[in-house]
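Notes follow the structure.
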Amino acid sequence: LTAAWLAEHGGATLAAASAVREALLPSEEDVGMASQCSLLRVDLPPVGGGGGRAIETRFVVKRAPESGDLWGTVREHRFYAEGLGSGRLLGDLASSLYVPRCLLSTWRPTSSGAPDPQLQAREDFLLILERLEAPAWLRVDPEVGCLAEQVGCAVEALGRLHRAYAKDTELDKLSWLPRGVFNVEKSVGLQHHFTLCHYMAMGFMGGLSLPVAASAAADKLAWGALYGVLERLAEPPLTLVHGDFRPENLRFAPSAAFAATSTAAAGPAVPRVAAFDWGLAHLGRGAWDLAYCIILSQPPEVRRQREAALVSTYLRASGDSTEQKLREELRFAALGILSLIIMTRAGAKSYESKQMLGRMLVWVGEAIEDWQAIDAISDW
């Protein structure tokens with residue numbers, strides 16, 4: 001990107017750039033990213049105008065992946081282009097969830113005016129987002145996992161998000177989103193694709209060992225149970241689901257901000273968790289996001305200690321049904337997440353991505369065994 005290009009396309013903020021430098025994201029932030037991401041350093045005038053030295057401001061640039069389908073890219077483009085990620089906090093969620101500000105989301109329209117991944121070129125897509133960085137926002141090492149206060153506020157944010165978007169008036173605004181993470185209306189051949197990926201995966205586990213119950217569940221999914229699981233997760237009541245709610249896609253306020261928020265007697269609420277990478281956003285059961293967060297935000301031994309409290313937090317925040325019903329939906333969600341990771345790992349190219357997905361696979365497998373999730377498909 002150049003200053004001249006931003007002057008023409010970048011809107012009020014970016015058009016004022018006097019110098020532009022683009023480089024790769026730090027390696028620890030780019031693992032597992034399907035999109036091509038880079039770090040954009042832009043010299044902007046001081047706030048308020050006037051004289052003084054230009055201030056370097058950093059943003060994240062996302063481009064379409066080099067290969068594979070573009071449905072996730074379309075979802076993220078529309079998410080930002082149609083206002084959900086415009087920098088406003090989602091509805092009444094100001095105290096819990098923040099979405100990074102979008103400065104530019106561009107994709108040359110088709111003749112119909114709507115983005116279509118079958119008709120558009122990859123190079124036409126560009127997304128420029130606010131970069132969430134220290135000291136205001138902290139990254140968590142996903143292999144170590146979140147602190148108790150971090151995962152607690154993430155689960156509370158999920159509950160409030162799902163509650164806000166469970167209303168028909170809100171869902172109508174999101175009718176363009178697919179139903180289910182794989183879009184159940186257009187998932188012809190998905191069962192066959194998963195079966196191939198599953199049996200391929202058996203040959204490149206690379207020393208990974210799934211619990212016996214999780215391995216048996218994967219076999220049942222490959223034998224034909226997957227589509228039924230995904231249909232169950234796409235049945236009403238539906239809500240807005242992030243789809244990939246794990247530490248790699250989250251940032252947290254520092255611990256001091258947690259304390260200040262909890263003890264403040266007055267004043268505006270401060271968001272304590274931010275979520276980005278909305279490429280898997282869909283309409284579905286909130287249990288998908290909850291399972292994703294609980295399972296992948298902490299090692300299995302830590303999850304077991306915190307799980308009951310986190311489920312209670314979600315029930316309170318979401319106004320969801322009974323714990324028994326939620327636990328049943330979490331079993332289906334864990335099975336769906338297992339299938340997603342197996343298919344993603346089958347197509348992963350880099351060693352780092354395979355390692356990350358391998359860890360995720362083991363952690364999900366532990367949860368499937370702990371939750372006896374295979375019982376949910378025992379008759380299928």
Output all residues satisfying side chain to side chain contact (heavy atoms under 4.5 Å, CB included) with T322, sequence neighbours left out; order by chain, then residue number.
Q324, K325
For the CG atom of L315 and the CG atom of L310, what is their distance to the nearest 0.5 Å?
11.0 Å
Among residues at least two apart in sequence or on other chains, which ones pass side chain to side chain contact (heavy atoms under 4.5 Å, CB included) with E8?
none
Sequence neighbours excluded, the answer for side chain to side chain contact (heavy atoms under 4.5 Å, CB included) partners of R359 is P142, E143, E248, M356, W363
Just checking, any donor-acceptor pair under 3.5 angstrom between side chains of E156 and T313?
no
Listed by chain and number, what are the ring pair (Phe, Tyr, Trp, His ring centres under 6.0 Å) partners of W137, not counting sequence neighbours?
Y98
Do P100 and Y80 touch side chain to side chain, with heavy atoms closer than 4.5 Å?
yes
So do W176 and R78 actually touch side chain to side chain, heavy atoms under 4.5 Å?
yes
Starting from L14, walk the hydrophobic network (Ile, Leu, Val, Met, Phe, Trp, Tyr; side-chain heavy atoms closer than 4.5 Å) and list everyone else you reach, by chain and number.
L1, W5, L6, V20, L40, V42, L44, F59, V61, L103, L104, L126, I128
To the nearest 0.5 Å, what is the distance between CZ on F125 and CZ on R63?
10.5 Å
Measure the shortest side-chain to side-chain distance between H77 and L127 over non-hydrogen atoms and say whether it is less than 4.5 angstrom.
no
Measure the CD-CD distance between Q298 and Q150 for me, rounded to the nearest 0.5 Å.
10.5 Å
Residues in side chain to side chain contact (heavy atoms under 4.5 Å, CB included) contact with A19, at least two apart in sequence or another chain
R21, D43
Can you run down the ring pair (Phe, Tyr, Trp, His ring centres under 6.0 Å) pairs that involve residues 213-238, sequence neighbours left out, and say none if there aren't any?
none
Keeping to residues at least two apart or across chains, list the side-chain hydrogen bond (donor to acceptor under 3.5 Å, both in side chains) pairs with something in residues 282-297.
H162-D289, D244-Y292, R285-E329
Interatomic distance, C146 atom SG to R246 atom CZ [nearest 0.5 angstrom]
12.0 Å
Within a reach of under 6.0 Å around NE2 of H9, are more than 12 heavy atoms found that belong to other residues, nucleotides or ligands?
yes
Who else is in L24's hydrophobic cluster (ILVMFWY, side-chain heavy atoms under 4.5 Å, direct or via others)?
none
Does a side-chain heavy-atom distance below 4.5 Å link N249 with W278?
no
Show me the side-chain donor-acceptor pairs of residues 371-380 shorter than 3.5 Å, one per line, residues at least two apart or across chains.
residue : atom : partner : partner atom : Å
W371    : NE1  : E307    : OE1          : 3.0
W371    : NE1  : E307    : OE2          : 3.0
S378    : OG   : D375    : O            : 3.1

Which residues pass the side-chain hydrogen bond (donor to acceptor under 3.5 Å, both in side chains) test with E133, sequence neighbours left out?
R58, R131
Do L190 and M343 come close enough that some side-chain heavy atom pair is under 4.5 Å?
yes
Which ILVMFWY residues are connected to V144, directly or by a chain of links, through side-chain heavy atoms under 4.5 Å apart?
none
How long is the gap from CG on L330 to OH on Y314, to the nearest 0.5 Å?
8.5 Å
